[in-house]
Number of protein chains: 2
Amino acid sequence: MATGRTHRPATRSRGIPEATVARLPLYLRALTALSERSVPTVSSEELATAAGVNSAKLRKDFSYLGSYGTRGVGYDVEYLVYQISRELGLTQDWPVVIVGIGNLGAALANYGGFASRGFRVAALIDADPAMAGKPVAGIPVQHTDELEKIITDNGVSIGVIATPAGAAQQVCDRLVAAGITSILNFAPTVLSVPDGVDVRKVDLSIELQILAFHEQRKAGEEVGAPEEAAGAAGAVPPPPVTPHRAPSGASGAPGTDSGRQGPDGDVPAVMPA
Amino acid sequence: MATGRTHRPATRSRGIPEATVARLPLYLRALTALSERSVPTVSSEELATAAGVNSAKLRKDFSYLGSYGTRGVGYDVEYLVYQISRELGLTQDWPVVIVGIGNLGAALANYGGFASRGFRVAALIDADPAMAGKPVAGIPVQHTDELEKIITDNGVSIGVIATPAGAAQQVCDRLVAAGITSILNFAPTVLSVPDGVDVRKVDLSIELQILAFHEQRKAGEEVGAPEEAAGAAGAVPPPPVTPHRAPSGASGAPGTDSGRQGPDGDVPAVMPA
DNA sequence: AGGTGTGAATTCTTTCACAGCG
DNA sequence: CGCTGTGAAAGAATTCACACCT
């Protein structure tokens with residue numbers, strides 16, 4: 001994998017499945033809600049419903065953490081909140097830096113859920129000199145030149161990249177060089193990082209495309225024409241093995257979006273892979 | 001659901017694994033970049049690297065779509081771009097509505113990558129009357145009252161929820177009632193929807209928590225204290241089976257979620273720049 | 001009774017490794 | 001030869017279903 005290796009020597013049997021780790025925050029959120037309502041205990045069934053999973057999965061997940069429930073009763077909400085928080089490392093404070101204070105970066109900076117879970121925006125960084133000093137969400141934006149110093153001084157280990165795609169890898173490299181070991185990438189690019197650095201990505205475009213896939217399927221099946229959708233007509237346009245031609249012409253393929261370079265605040269994307 | 005058994009390897013398989021579907025957008029992006037650089041063909045190895053996966057996985061993924069490569073040569077970039085686009089349903093235009101035009105909603109509306117892939121922001125909707133008429137990203141915001149009409153009139157089937165958590169389910173219900181069948185949820189809540197409706201969620205907080213988990217593990221392992229239980233930090237604080245009492249006292253469990261925002265005070269966030 | 005905790009069975013993914021076509 | 005396409009093996013993740021504790 002070019003993007004951060006998830007391969008871990010599993011030095012210990014204490015290994016919690018990745019799929020389980022990804023669900024812990026979900027349980028935590030549901031538990032927090034129950035806690036606020038002063039609910040003392042929950043059964044796996046109730047909690048599972050609140051978290052949007054099935055009870056068997058939830059119990060199995062919890063079994064990796066330990067036996068924190070009481071048979072015949074359920075789980076103690078407060079206790080479980082604590083255990084999961086600890087397991088996720090939320091009992092400590094994580095300073096975070098956000099690089100790229102555009103529309104998205106600003107939205108992230110203003111995101112309340114940030115502080116509510118042990119994360120603290122330690123700094124906002126942007127390459128635009130005009131942004132420097134300007135406060136966003138109450139925090140003054142600092143120039144990229146300060147990046148290394150900011151990270152070092154604040155002992156930041158988690159960085160959020162919200163820059164245009166074209167600048168992402170470069171920013172990533174600097175973050176890593178400065179000591180960051182976990183990155184949340186919002187830029188539509190594959191980041192390559194050295195071993196030991198984790199990268200998680202969030203991409204609106206990808207999510208929408210996945211939805212479109214299913215949406216398209218629904219439409220086709222609804223019509224009762226399971227045979228490769230409308231394709232029937234002029235489908236299967238381009239020759240399968242001919243040298244190389246663009247699908248152009250043919251059917252109603254919309255002007256094949258050949259430029260994903262979004263104007264409007266977007267940026268130069270092209271970058272040496 | 002009409003489960004079309006995956007019998008023989010018909011050129012068009014009904015069942016493309018979900019994991020594969022989730023990667024198609026990644027391949028598409030890499031291919032688009034190659035296309036822009038006028039690269040005619042790519043080997044599975046090259047494309048895999050560009051997409052951040054390994055070649056075996058990529059070839060297997062493509063095998064579900066059909067045999068679009070040429071042995072000894074590789075894949076025709078343009079041809080593959082077309083095939084994947086078609087498979088993802090991007091050869092058609094998908095009108096999308098964004099509900100909740102706060103910081104995040106505005107950022108999403110301004111996101112260039114939107115239009116570049118067959119998606120078109122058909123409307124921006126917000127519950128705040130003061131927002132009505134005000135243009136965001138060149139599109140006038142409409143009031144929630146118009147929601148149903150907007151969706152019906154524009155034949156929208158994909159909705160993006162960027163409202164506070166407290167309003168999400170309600171908005172979701174209305175979207176679904178109005179005909180939406182695919183939802184991208186940015187609100188930190190589990191949405192319940194009827195069968196047939198797809199929901200994908202994006203949650204900044206969850207991603208950060210997952211990173212924190214790994215980050216914490218790195219730190220511990222680095223110290224050379226792999227044995228978890230080793231009461232590393234403050235030891236195993238609260239009793240495991242005692243009635244039910246918060247982790248309170250003991251150790252330094254930081255005010256867990258001190259200053260937790262009000263009910264629906266926070267909004268999620270996410271998306272690429 | 002009422003639920004948890006979990007081995008076992010099942011299903012989904014990833015990885016191997018190699019036959020075979022261009 | 002080089003590289004794709006793929007059965008088959010290996011590894012996760014999910015689901016079953018039930019023994020077992022309170």
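In what follows, chains carry the letters A, B, and so on, assigned in the order in which the sequence lines appear, proteins first and then strands, with residues in each chain numbered from 1. In this text, all values refer to a predicted model and were calculated from it rather than measured experimentally.
Between the CD atom of A:E46 and the P atom of C:dG3 there is a distance of 8 Å, rounded to whole Å. Between B:K60 atom NZ and C:dC18 atom C1' the separation is 13 Å, expressed in whole Å. Rounded to an integer number of Å, the gap from B:I16 CD1 to D:dG5 C1' is 16 Å. Here C:dG5 presents its P atom at 12 Å from CG of A:D61, a figure rounded to the nearest Å. Atom pair A:R59:CZ and D:dC18:P shows a separation of 14 Å (rounding to whole Å applied). Put simply, CG on A:N54 is 15 Å from P on D:dA13, counting in whole angstrom units. When rounded to the nearest whole Å, the span between CG of A:L58 and C1' of D:dT15 equals 14 Å. We find that OH of B:Y64 is positioned 12 Å from P of C:dT15, with the value rounded to whole Å.
Ring-centre distance between A:Y68 and A:Y75: not below the 6.0 Å cut-off.
For D:dT4, one of the phosphate oxygens OP1 or OP2 lies less than 4.0 angstrom from a side-chain nitrogen or oxygen of B:S44.
When heavy atoms are screened at a 4.0 angstrom cut-off, B:E45 is found touching no nucleic acid atom at all. Nucleic acid contact for A:F62: none, since no nucleic acid atom lies under 4.0 Å from a heavy atom of the residue.
A side-chain contact (heavy atoms from CB on, under 4.5 Å) with B:Y27 is found for one member of B:L80, B:V53, B:L65, B:V81 and no other, namely B:V53.
Between A:D173 and A:Q169 the shortest side-chain heavy-atom distance falls below 4.5 Å.
Applying the 3.5 Å distance criterion, the base of D:dT22 shares no donor-acceptor pair with the side chain of A:R71.
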